[in-house]
Amino acid sequence: MATNTTTAPPPLNDSDIIRLAQYHHADTSSSVPPYLLSPESHQTLVSFLHNRSSSSENPSLAVSEYILSILSLISLSPQTPSLSSLLSSLLVAYTELFASLKIPRDTNSLKTIHFFDTLLNYVPVEDLKSVLDSIVSDTSRILDLDDAQMFDLLPKCFNLVRESLRGGDYVNYVFDRVLDSNWSKGLLVKLVSIVKDLGFIDKGRCREFLEKVFDGMKIVDLQDLPSLVYQLLVLASKGFNKREVVEGIVGFFGLKMESKVTSSIVRQVEGTVLLHVNFAVKQDPSLGQEVMGLVKLDLRAFNHFTVAVLLSVARVRRFSESSMGILKTALLTAYHDYKFSKDCNWIPEDLKEEYLQSVKIVEKAVLRAVNESNYGREHIVPSIVQFGFLLLESVEEGNLMEQCDSNGLLGIEELGIQILKTLFEVHDMARNEIIEQCKFRILSLKPEQSLSIIKLIGYLVRSYPYPMLEHVPRLKELLDYFTFMDGKVAANLVTVLLPLIKFSRDLRDYTILVVRKAMFRREDAVRLAATNAIIDLILAEKQAKKNGLFSFQESSSQASCSQQEIPHSTGAGLFQELSALLQRCLYQQAKVKEVMYHGLVKLVLVDPSTGGTVFDILWPHFLCFFREDADVHSGVGCCVKSEGGKAFIEEPLDCLLSCVSLILLLQPHGKSSHPMDSSWACFSFSLSQENEEGKNSSGESFSCALSKIRNFLRNGKLEGLSDILGQTQEEGSSSLGEEKRKCCSLILLGIVEVMLNTIATELDKAKDAEKEDLEKELIGFVDLHESLEKYLCTPRQSIANRRVNIRATAHDISNISDSSNTNLTQERIPFLATSSIFQILQTVLKLHNIERSNGVTASQKHSQSSSAKTSKCCFKMISFVLDATLRQIRSSSVVRKEDPLKTLIYGELKILAPPLLKLIFLLKSRPRMTDQKKKESKGKKGVDDRKEHVHLALICLKEFIIISLRSSQGTGFLEDLLSVSKLEYNFDYESEEAFGIDDQCIRIKVLFIEKLLKPLISKLLGLSFFREVEILYDMLLVIGNTLPCKWKNPHGAWAMDFCKSNTVTNANVAKGVVKLAICLSTPPDDLSVAEVMAKELLKATGLESGNTSEISDICPLINQSTSNTITSCILQSIEAVIADMDWAIKKLKTLSIVNQKSIYINRNGEHSSALTFEENLYSRAEAVVKVLSSFVLMSFKDSQAEHLLRLGTRFYKHLAQMSKLRIAPKGCKQLLPSLQFEKLVELTSKQLTVPLYNFVAEMQRGQQENANSKGIINKIKRENKCIPDLIFQIEDYEKYLIQLSKASKVNLLRHAKRSTSRDFKILDPIREEDASNHEANHNESAVAEDESSDDHSKDDEENGSEKVSSPLVAAAAEDSETDGENVCDLPTAKRIRTSEVVQDSDDEV
């Protein structure tokens, strides 16, 4: 006892321990102080810790100094049991003091905790559990990151505890406590930083952890977000739920960050995050795959941050193309889905709105990502440039611009331009690259794609002219390739540079140099482009001077690819400077001259003072074809040349005269006594009085020349022109002479139209006394025009087509007769102005009224002769004016809106519609001739002529309606027509048809249909004007499709009532009515109408002749005469529905993948939307089955039968895809098939599959019966392609039904029957004596099938076929009728081996 007392170590206080630690630090060979090894000292040592934490002025330093000192002493021999106990006591005490906030959180405490972490291996497990409980006991006190310093001990503590008995359960329990607690921003950041060291966490806890992290990130300080994201990316790179990490980061910054204040700081934070993502993808490429897969699988994950991430990932070389491709595909998919949903009638309105909002979100996301590209994310600027040009290149394949304007969408092209415009404005460093890329792509892309790039340059030039001046050298380099570009591209390039030329003399002079060089090229397209460029340059200068905006800025830069000296302008106008080039155009091809003549008219419109100079340029050239020394010698023959045995027009004299005539008509009052010099006020143009006196000589000479030509044509008529046309006859070649004669006729026709335009203009301003003479002159020129048409072999053909074809292909006159008056070549601007056509229409109406009065009141021979003469003149006038009207309408899209000729020539086209409708009313009510003999001889011809006129007039009216519906003024146009119709039918606007319609636009459309189209249809049907009724049906369909469903359905019902109450034998009329009934009925009523029609068709054209009838009792419209066309119409409607199903199944597949993989975080209510969409698809497919079930019971012609088989093939392919989508993939729960799907399967099996097999068998039987008929071989070859495809698709569909039945334990094949055509067999025709035994032998043949099934099964196993045959379906039906056993126990397929079947052979090819 005394010995122990003497050996006890002396007690140490806390200061002694600190000094000992310092001493031991200097002397590493010293041992642990004995006092620390004594267990009795542990409580005293722990008390020193409590004292220092409570009594010191600086507890942080005091506690840290003491703990670090004692831990350094313990570390000398930590495995000693007494020191291990002391370490545990200190750790527990320190943890409690830290949790009770008695120890400050700073670097000292952090250093202490890290020292503890190095010695945790020597702490007993039970003490570690106490430490863990103390750390996670109260997380509510953790407010910032320093408060969570103790959590640095968790990873090592967890690992040590897990190594003990049942330690894993305890660790999971503690971690679950952490997950269930409330996380502050400090705790969240700390947990993210340490979770990478927690290797025990399973996938479920990982997912829960990430959800809690991304939910709590919104409370994290902005400056902490980049480091937090970096930690998450490190986690993902270590395999910690990569997809959830990427999804959470994109979802947080794309959606949840919206709640934070949108400031530059937030954008800078996002930019730093993008840099972290870019770096992480470089280190771990699998992260890049996850980012791209997120957008690829679900478009709903698309937001501005997703775009920025993809653009950042695109900076990694290996992901450049794939990342850009996914962005482009996402955009195109959004536009395509919107376009399809907008046109698809059976998609619900809420889903259509969803697709519209999806496109808007995509556009806004892209634009926002670009607009914010200057906030710390400059590294993505090159990717944005690449993406913008990629969109512009996609315009040709997308072709969606027409769908974008109505709903405020930009479209692919406008979006790409907007992206690059924003970059050009914001980033100076991107400007050089944008201009360089423009140059490269214009030279390398196809012309159609290059136009979008040129449009971009035009936007940049107009929006940023001064920055663009810095890039003039590159633009000059691009102009060096002017002669090598496509003509349209070259001309447009100069056009878009015109605003910049106003600011740069250097660029202007260089452009002139390039154009001059181009005029000497051999290619016609290059010279045309150069001529257009010359005109545009002059017009741009004139317009700029007129607006006072013309000023030059000298540029010292020179083009690098041309060393020629550029001549600078001397201060004179470009018109005078380039007059030599204009004169050179007079010696070019005819098309070049036409372009120049039109350009000169534009020039005079912009600057009237140039009129005299224009005349001075043209007069010497005109004298080559007109001599003043004789009365009239129009050298039309000199305008036509021959080369290589072909004739062509060298000088478009009619275009020249049109140019001169227009300029003369625009001359101011008092400049000439000739009526042709009067003002053309109907065009709303008048020239100023600035012409110099000396410049009028050429104009007066032209005026006299045109007057002589007009008098000659008026007086000489066709007899006087025979000499001119006769001069073209060549003795050596009659065909060449004929071609030259046609060319001369075309020129003369154009000259006549020029004179008609002049006469009509004068008629508008003439007094009553002068109008009669002008009208007679007008009739005479129309008569001359009709006479000249005879020289072109096809009098009823549109002159516009013949003229354009001759001029467009100068060496191909033989193709003139092949053109049609409905296929206008849109390259020619007509000679007749809209106002002139209007005057001619008024004259026609006046003559027609005279003719009607004469036809009614005439009783004497003299008056009848006068009436016949008036009728002949009226016929010619109507033919001419209708032909001119149609030409005017269809060529109006050639000229741009800003072109001066647009207003000059076309004006307001809609003014032609009311008189046109009046003419239609007059023509349909035209009285018959009273004389019986003339009625018999000429009545048929008169009716045919009247039909032709009504037909052409209705075509014009239809074109007007189509154009008006595209514009915002369509309602006003229809109102004008209704006012004409009101005079005819005397109806009231406040009728019951328009009752309850508040929308004025809808009201006018409904009235137009009810009060104009429908009465006109009834009237023309009574007159047997069937072709004309077809056009009216087209009008009704065009207008009806623009109506809401509520107001469209009544017109579909009207068409259906028409089918039930009228007997029509004209096939096309019947087809038009059926099309109206289907298309104007909204789903599902449209296919219900088709189903009714199909059932009635079956009664008229069934397989069994005994059940057929000549006409349907319910729908008399369906009869033997109309059945084929109605069948084709319904099959076309079904084809459109099946095409819609193709898109719908793709969207359903995408929705299925999204729901299975939970791709996207936000899914509020989207599951129900997908379910509704799926049910609608099944209902649509069910309706298709009901329609097709009637057709497979009919007998068709070869083409219709083949069409039906192909439709069936596509439909069963879609059914197979729908069935496959119902099968849950591995790892997902299998859902039961919906009742709608089960109903679809049952209906298909009962009403379509079995009759379809019989239909195929009948087709094959017919082949054998007509084996020797003409063309049977080709027919068999075609059917041998579609029949196997059909059978394969049916069995593929049944295969997936079997798989679905196995997975869901629901027998979907209980109504299926055995396939009778699975081997594509050809049956021998059944003899009459065997027909009675056929049914009795059916069961025996089935037994034979069972007996012979083994060999066939072996063959199938050897071939490794994946097809499931139809006999398997029959077995499934048998099982379902007995005890409902599983489909997997069904027997194998069977194959018939009888002498009546042509079997497959290995020798067959």
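Between L1240 atom CG and L1248 atom CG the span is 10.0 Å, to the nearest 0.5 Å.
For E1175, there are no salt bridge (charged side-chain N to carboxylate O under 4.0 Å, His left out) partners, not counting sequence neighbours. Residues that satisfy the side-chain hydrogen bond (donor to acceptor under 3.5 Å, both in side chains) test with S1121, not counting sequence neighbours, are absent from this structure. In this view, K1060 satisfies the salt bridge (charged side-chain N to carboxylate O under 4.0 Å, His left out) rule with no residue, not counting sequence neighbours. Every residue two or more places apart in sequence or in another chain that forms a side-chain hydrogen bond (donor to acceptor under 3.5 Å, both in side chains) with K1095 is listed here: E1091. Taking the side-chain contact (heavy atoms from CB on, under 4.5 Å) definition, one finds that D1142 meets it with K1146, H1214, sequence neighbours left out. Residues meeting the salt bridge (charged side-chain N to carboxylate O under 4.0 Å, His left out) test with E1242, sequence neighbours left out: K1246. Every salt bridge (charged side-chain N to carboxylate O under 4.0 Å, His left out) that D1034 has, sequence neighbours left out, goes to K958. Residues satisfying the ring-ring contact (aromatic ring centres under 6.0 Å, His included) criterion with F1211, sequence neighbours excluded, are absent altogether. With sequence neighbours excluded, no residue satisfies ring-ring contact (aromatic ring centres under 6.0 Å, His included) with Y1033.
Contact check for L1252 versus I1290: side-chain heavy atoms found under the 4.5 Å cut-off. Within the 4.5 Å cutoff, the side chain of L1215 has no heavy atoms near those of the V1241 side chain. Inter-residue side-chain proximity for N1254 and V1250 is flagged as met; some heavy-atom pair is nearer than 4.5 Å. Side-chain contact between Y1178 and S1234 is present, with at least one heavy-atom pair separated by less than 4.5 Å. Between Y1293 and S1219, some side-chain heavy-atom pair lies under the 4.5 Å cut-off. Looking at F1237 and L1308, their side chains come closer than 4.5 Å, going by heavy atoms from C-beta outward. At least one side-chain heavy atom of F1191 sits under 4.5 Å from a side-chain heavy atom of L1097. Put simply, the side chain of M1194 does not reach to within 4.5 Å of the side chain of Q1200, judged on heavy atoms.
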Starting from the C-alpha separation in whole Å, work towards a yes-or-no answer on side chain to side chain contact (heavy atoms under 4.5 Å, CB included) for M1093 and C1129. CA-CA 11 Å; M1093 294 288 183; C1129 179; over 6 Å; no
Please test K1099 against I1114 for side chain to side chain contact (heavy atoms under 4.5 Å, CB included), starting from the C-alpha separation and ending with a verdict. CA-CA 10 Å; K1099 296 178 182 179; I1114 298 178; 4.0 Å; yes
L1043 and H1051: CA distance, side-chain angles, deciding distance, side chain to side chain contact (heavy atoms under 4.5 Å, CB included) verdict: CA-CA 10 Å; L1043 294 173; H1051 304 301; 3.8 Å; yes
Salt bridge (Lys or Arg N to Asp or Glu O under 4.0 Å) between K1071 and E1030: does it pass, once the steps are laid out? CA-CA 9 Å; K1071 180 180 178 180; E1030 293 178 49; over 6 Å; no
Could you give me the CA-CA distance, side-chain angles and deciding distance for L1036 and L1080, then say whether side chain to side chain contact (heavy atoms under 4.5 Å, CB included) is met? CA-CA 9 Å; L1036 201 156; L1080 295 184; 3.4 Å; yes
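Minimum heavy-atom separation, I1130 to A1094: CD1-N, 4.1 Å. Contact record, A1224 with K1229: CB-O, 3.6 Å, taken as the closest heavy-atom pair. Of all heavy-atom pairs between A334 and V362, the closest is CB-CG2, 4.1 Å. Listed here is the closest heavy atom pair of T1122 and L1117: OG1-O, 2.6 Å. Of all heavy-atom pairs spanning D1113 and E1096, the tightest one is N-OE1, 4.3 Å. Closest approach of A1181 and M1218 over heavy atoms only: CB-CE, 4.1 Å.
Note on ring orientation: taking the six-membered ring where Trp is involved, the planes of F1058 and W1054 are tilted (angle from 30° to 60°).
A donor-acceptor pair shorter than 3.5 Å can be found between the side chains of Y1212 and T1249. At a cut-off of 3.5 Å, with distance as the only test, a side-chain donor of T1082 or N1049 sits close to an acceptor on the other residue. Under the 3.5 Å distance criterion, with hydrogens and angles disregarded, a donor-acceptor pair is assigned to the side chains of S1179 and Q1236. Under the 3.5 Å distance criterion, with hydrogens and angles disregarded, no donor-acceptor pair is assigned to the side chains of H1203 and Q1132.
Screening L1204, L1207, L1205 for a side chain to side chain contact (heavy atoms under 4.5 Å, CB included) with L1286, the sole residue that qualifies is L1205.
For residues 1076-1089, the set of pairs meeting the salt bridge (Lys or Arg N to Asp or Glu O under 4.0 Å) definition, not counting sequence neighbours, comprises D1086-R1180. A salt bridge (Lys or Arg N to Asp or Glu O under 4.0 Å) check over residues 1043-1055, counting only residues at least two apart or in different chains, returns nothing. Listed by first then second residue, pairs satisfying salt bridge (Lys or Arg N to Asp or Glu O under 4.0 Å) with a partner in residues 1213-1223 read E1174-R1222, not counting sequence neighbours.
Look at E1135 and R1206 and you find no salt bridge, because none of the NZ, NE, NH1 or NH2 atoms lies under 4.0 Å from a carboxylate O. E1182 and K1186 are joined by a salt bridge, as a carboxylate oxygen and a charged side-chain nitrogen come within less than 4.0 angstrom of each other.
For K352 (side chain) and C344 (main-chain N/O), a donor-acceptor pair under 3.5 Å exists by modelled atom type. Panel note: side chain D1292, backbone F1288; no donor-acceptor pair is recorded below 3.5 Å. Listed for the N1062 side chain is no donor-acceptor partner under 3.5 Å among the backbone atoms of V1064.
Aromatic ring centroids of W1143 and Y355 lie under 6.0 Å apart.
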